[in-house]
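Throughout, protein chains are lettered first and strands after them, A, B, ... in sequence-line order, and every chain is numbered starting at 1.
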There are 2 protein chains.
Amino acid sequence: MKLSTKGRYGLKAMYDLAINYGEGPITLKNIAERQRISDHYLEQLIATLRKAGLVKSVRGAHGGYMLASSPDKITVGEIIRTLEGPLGPSECVLEGDPSFCDNAECCVTRVVWEKIRISISEVIDSISLQDMVNDYHKLKDKDHYMYYI
Amino acid sequence: MKLSTKGRYGLKAMYDLAINYGEGPITLKNIAERQRISDHYLEQLIATLRKAGLVKSVRGAHGGYMLASSPDKITVGEIIRTLEGPLGPSECVLEGDPSFCDNAECCVTRVVWEKIRISISEVIDSISLQDMVNDYHKLKDKDHYMYYI
DNA sequence: AATAATCCCAATCAATCTACTAGGGATTAA
DNA sequence: TTAATCCCTAGTAGATTGATTGGGATTATT
């Protein structure tokens with residue numbers, strides 16, 4: 001019941017871009033260093049986010065990446081779904097196209113999975129990158145000496 | 001972000017035992033057939049549940065399994081944790097002993113994982129096997145012709 | 001025009017995990 | 001004694017994870 005590193009690293013990267021929103025393109029290398037992620041691996045994740053329209057890229061020297069829209073317009077849910085696919089603790093309750101199950105109409109166990117899926121969705125859809133940036137500034141103001149990425 | 005079949009089959013099996021609570025020992029073969037699970041595989045899951053004290057066994061001919069306590073005393077959370085281990089979308093927020101992270105005190109991403117973990121816990125700890133049995137009876141009363149396991 | 005910095009892309013791979021299967025031993029009711 | 005059951009250990013094919021490798025394309029700067 002864990003997220004893979006796709007979702008985890010991906011959110012870290014998007015959060016990093018949110019912290020640096022408005023500063024022009026941020027290089028992959030910088031993000032990877034700050035977030036301590038293999039840069040080649042992160043490249044693949046960012047490619048997915050770019051194709052999904054969450055991130056824009058600038059090629060060539062002085063290029064890099066930036067959020068495609070402002071941090072308050074991007075939710076944690078969009079990011080995680082883009083990288084991990086439709087959410088749900090079981091195939092039969094996956095968002096969008098739950099795979100068919102003979103018993104779906106009357107499966108009591110399924111009711112449980114559905115409740116779990118909904119509660120996860122509620123959490124991740126209610127948190128925007130801006131919320132995370134706000135948390136960052138709160139933490140930063142409390143302990144000046146620490147590095148909060 | 002899916003549960004493995006351990007948690008999914010395990011809950012199905014426990015639900016089956018809850019439906020048949022008070023009827024004496026239920027054989028593994030019966031459970032496996034009703035729930036359409038490989039019996040040898042289910043055996044391993046039930047062994048785990050038995051060692052955790054959620055299920056009692058009766059050996060020999062006419063033996064089988066039964067819940068160790070009444071369905072209202074057993075939650076979905078106990079069952080899933082027993083089979084899947086401590087819950088959490090990321091190592092750093094696992095229940096019980098979150099693995100150490102240099103950044104834990106000030107990691108904004110971690111705050112998100114913590115919220116997900118808590119919301120999942122709230123759902124699974126609030127549902128007992130008795131709740132599932134009640135759902136079963138409600139469904140059964142509505143559509144008499146279907147087989148609700 | 002040359003160069004260095006960057007993004008872009010496809011293929012490969014070791015390690016781990018998942019969902020079993022195989023094969024046999026121990027216990028007990030009939 | 002026998003058949004029905006639980007109990008236990010080991011193996012395993014296939015999928016997935018989390019990368020690594022090795023290049024190509026684009027662009028700012030010199």
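Between the CD atom of Gln35(B) and the P atom of dA19(C) there is a distance of 17 Å, given to the nearest Å. Rounded to whole Å, the distance from NZ on Lys6(A) to P on dT16(D) is 9 Å. Straight-line distance from the CD1 atom of Ile31(B) to the P atom of dT5(D): 12 Å, rounded to whole Å. For the pair Leu42(B) CG and dC20(C) C1', the computed distance is 12 Å after rounding to whole Å. Rounded to an integer number of Å, the gap from CZ of Arg36(B) to P of dA19(C) is 19 Å. In this entry the distance linking CZ of Arg8(A) with C1' of dG18(D) reads 11 Å, nearest Å. Computed from coordinates, the Leu3(A) CG to dT17(D) P distance equals 11 Å when rounded to whole Å. Put simply, NZ on Lys56(A) is 18 Å from C1' on dT6(C), counting in whole angstrom units.
Listed pair Ser38(B) / dT21(C) meets the phosphate criterion, a side-chain N or O lying under 4.0 Å from OP1 or OP2. For the pair Ser57(A) and dC8(C), the criterion of a side-chain N or O lying under 4.0 Å from OP1 or OP2 is met. The shortest distance between the side-chain N/O atoms of Tyr65(B) and the OP1/OP2 oxygens of dC7(D) is below 4.0 Å. Contact check, Tyr41(A) against dT17(D): no side-chain N or O comes under 4.0 Å of OP1 or OP2. Distances shown here put a side-chain N or O of Arg50(B) below 4.0 Å from the OP1 or OP2 atom of dC7(D). Applying the 4.0 Å criterion to OP1 and OP2 of dC17(C), one finds that Ser4(B) has every side-chain N and O outside that range.
One finds a salt bridge joining Asp125(B) and Arg81(B) here, because a Lys/Arg side-chain nitrogen approaches an Asp/Glu carboxylate oxygen to under 4.0 Å.
Leu129(A) has its side chain within reach of Leu11(A): a pair of non-hydrogen atoms, C-beta onward, lies under 4.5 Å apart.
Comparing Thr5(A) and His62(A) by the nucleotide of DNA chain D whose heavy atom lies nearest to each, the residue mapping closer to the 5' end is Thr5(A). Residues Ile46(B) and Gln44(A) both approach DNA chain D. Their nearest nucleotides, taken by heavy-atom distance, put Ile46(B) toward the 5′ side. Sequence order on DNA chain C of the closest nucleotides to Arg59(B) and Tyr9(B) puts Tyr9(B) first from the 5' end.
Of the candidates Lys138(B), Gln130(B), His137(B), Asn134(B) forms a side chain to side chain donor-acceptor pair (under 3.5 Å) with just one, namely Gln130(B).
Which of dC9(C), dA3(D), dC6(D) sits closest to the side chain of Leu28(B) comes down to dC6(D).
With 3.5 Å as the limit, one finds no donor-acceptor pair spanning the side chains of Glu122(B) and Ser119(A).
Judged by distance alone, the side chain of Thr5(A) and the main-chain N or O of Arg8(A) form no donor-acceptor pair under 3.5 Å.
One cannot find a donor-acceptor pair under 3.5 Å joining the base of dC6(D) and the side-chain atoms of Glu43(B). In this model, a side-chain donor or acceptor of His40(B) finds a partner on the base of dG23(C) within 3.5 Å.
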